[in-house]
Amino acid sequence: MSDYLKDPQIHREIIMDHYQHPRNHHLSDDKTYHKAHMASESCIDDLTVMMKIDKGLISDVCFDGVGCTISTASTSILTDLIKGKTLEEAKSIINSYYAMIDLKELNEDLLQEAVAFQNVGKQANRIKCATIGFKAIEQMIKEEETHD
Amino acid sequence: MLNVKEIRKDFPMCVKQDAGNGKVYLDNAATTFKPYSVIEAVTRYYTDESVNIHRGDYDLSYQVSDEYEQTRKTVARFLNCEEREVIFTSGASASLNLFAYGWAQKFLKKGDVILSSEAEHASNILPLMKAAELTGATIEYIPLTEEGELTIEAFKGAMHDKVKLVSIAHISNVLGFVHPIKELTKITHEYGAIISVDGAQSVPHIKTDVKDWDIDFLSFSAHKMLGPTGVGVLFGKYALLDQMDAFMLGGGNNARFDICGNIQLKNPPFKFEAGTPAIEAVLGLKAAILYLEKVGMDEIEAYEHELKTYAVSQLKDLKNVILYNPHAGTGIITFNVEGIFAQDTAIYLNSKGLMVRAGNHCAKILVEVIKTSETVRASVSFYNTKEEVDRLVDALRTITLEQCIDLSIM
């Protein structure tokens, strides 16, 4: 973990970058993709996340929709993090992210740029925004596992 | 000209702000502050006369029943209708649902058309969608202008013989346009249809005259017009109310019933008021109307529009602010900040003590008209000041995406 990821200024820049230039920001027409539509009841985020799983490996992941800075940037970072990972690896990234949001522990090696959200948990009203994409991936992994 | 400084002394929430709590309330389209007179009317019920109504066997119940009915008389005067045309409900949503259930579901049939607009609040359009589903009627939408306004010309173009019901908001809760209700009603009646008006945003802010406008139904809430939550009104022309079904049956709405299932309901408005109502809220509504009448509805409308015009004149100089309804004639200002999501703007404004609303404001199909799904809405009341508008303008002048993000991640 490099020191630069500890700087709040860097956290802000990471989020700005992912909000203004979200990665994997499109949807797929491929019917073999898993799809999760996340429309939170309490806020106005409305995101669709899609994921292709090949033999336990996440070969592609993408998203689109309407979202605030926090939900858009966190989902964008997440897609970067889990692309090419196994389902088990993705699950440990997601669990590690939740632990960070709960202000419990910070696994910088697993979370990479997602450490930018290490203090979001202090703002209870933004936790939903910061986890919306993670819930979507979690839901699709569960779907894949029960299907198998 | 209103003496806003004096008016603010009547509202405990404003008194706290003026004592320096740093807050500015600009979400009056959601609900309004209450003056002391309303709060006193509510607490007086609980401290001095806490018994049920319509149990005339003892003096206190007779007295409270009388005060309850005095509110109906006050509402009738305020709307310019008959007392028996005033039904107390739990709010505008309940009024609109009662109408949709009791009239639309009962009288619409397959092939009939409900004419409405894309700017409608969910509480108006969803009960009508259900009525359409159950009756086989269809809903058609009057095309709005680019700014989201409903014009007479567009209405005339959308009207036809199959339309049996026109249902629209007098003032849109997102864009604040005042629709020409009197003219719309005249045209509606020429086609033999009836009109139901969602008055949730209009009754609190402009003078209402149901007789002059000749409208058939009107729904509104007390809490958006200085009154308590939990009470609203459905006005209906008596002949229509007489034919309409009650949404709820039970205590207080029947005259007699027997073991064979024969039920004889009371006459309107009582046939629609089963169960013990929010008595204290109804008493509070009377105090709210008396307060509004004291200030004067024409004065309220003029001042709120002046405040909005002032806000628009300041905001249009800010290059980062997109205004959606600069020409709307009421106190609703709908905007976005370039490059910042509406919710992030609202959270930033909150950090400056400014209370506004972000979202689609329960009008989810308006997206197609104004080409944006989420907006920030600042809505003024007559107790707001130009200084408060300045606070909003100043905050928007200096807002940056970086500051918005910092608020969430620090």
Side-chain angles (χ1 to χ4, degrees), chain A residues 5-22 25 37 39-48 64-77 97 100-101 103 106 111 113-132, chain B residues 27 29-30 121-123 126 173-174 320 322 324 334-378 398-410:
Chain A
L5 273 181
K6 296 198 168 92
D7 182 353
Q9 185 117 5
I10 301 288
H11 294 164
R12 180 216 281 166
E13 276 166 25
I14 291 170
I15 293 170
M16 288 264 289
D17 180 40
H18 278 271
Y19 175 62
Q20 292 175 326
H21 312 285
H25 199 237
H37 176 224
S40 125
E41 283 167 26
S42 60
C43 74
I44 49 195
D45 296 329
D46 188 333
L47 295 178
T48 300
D64 202 356
V66 174
C68 63
T69 38
I70 301 302
S71 62
T72 304
S74 60
T75 306
S76 170
I77 290 172
Y97 184 81
M100 177 186 78
I101 294 290
L103 307 171
L106 183 62
L111 294 177
E113 284 189 315
V115 299
F117 297 101
Q118 59 187 269
N119 289 321
V120 167
K122 292 179 186 168
Q123 316 289 334
N125 59 342
R126 300 320 293 270
I127 291 176
K128 275 210 174 106
C129 315
T131 54
I132 187 167
Chain B
D27 194 17
H121 190 282
S123 292
L126 295 188
N173 75 306
V174 186
N320 59 338
I322 307 157
Y324 294 99
T334 310
F335 64 95
N336 260 319
V337 176
E338 192 87 54
I340 303 180
F341 194 62
Q343 195 182 14
D344 293 311
T345 303
I347 289 170
Y348 168 82
L349 292 174
N350 174 60
S351 76
K352 303 283 177 195
L354 292 146
M355 294 177 252
V356 299
R357 163 96 194 264
N360 45 40
H361 316 294
C362 300
K364 296 186 196 283
I365 48 184
L366 186 62
V367 177
E368 310 300 327
V369 180
I370 59 171
K371 313 285 184 231
T372 182
S373 58
E374 320 297 336
T375 53
V376 185
R377 179 185 72 185
T398 53
I399 186 173
T400 61
L401 182 58
E402 287 85 341
Q403 287 170 309
C404 293
I405 293 172
D406 286 354
L407 285 172
S408 299
I409 64 164
M410 291 298 178

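Here is the naming used below: chain letters follow the sequence lines, and residue numbers restart at 1 for every chain. Just so we're clear, the structure is a prediction, and the values are computed from it rather than from any experiment.
Residue contact with chain B, scored on non-hydrogen atoms closer than 4.5 Å, involves the backbone of Ala116(A) exclusively. Within the 4.5 angstrom heavy-atom criterion, no atom of Glu13(A) approaches chain B. The contact between Leu407(B) and chain A is made entirely by backbone atoms, counting heavy-atom distances below 4.5 Å. Residue Arg126(A) touches chain B through its side chain alone, counting heavy-atom pairs closer than 4.5 Å.
Between Met410(B) and Gln123(A) the shortest heavy-atom distance is O-NE2, 3.8 Å. Smallest separation of non-hydrogen atoms from Ile340(B) and Tyr19(A): C-OH, 4.2 Å. What you find for Asp45(A) and Gln343(B) is that their closest heavy atoms are OD1-OE1, 4.2 Å.
A heavy-atom distance below 4.5 Å is found between the side chains of Val66(A) and Phe341(B).
Ranked by heavy-atom pairs under 4.5 Å with chain B, the first of Val120(A), Thr69(A), Asn125(A), Ile15(A) is Thr69(A).
Not a single donor-acceptor pair under 3.5 Å links the side chain of Asp344(B) to the backbone N or O of Cys68(A).
With rounding to the nearest 0.5 angstrom, the OG atom of Ser408(B) is 12.5 Å from the CZ atom of Arg12(A).
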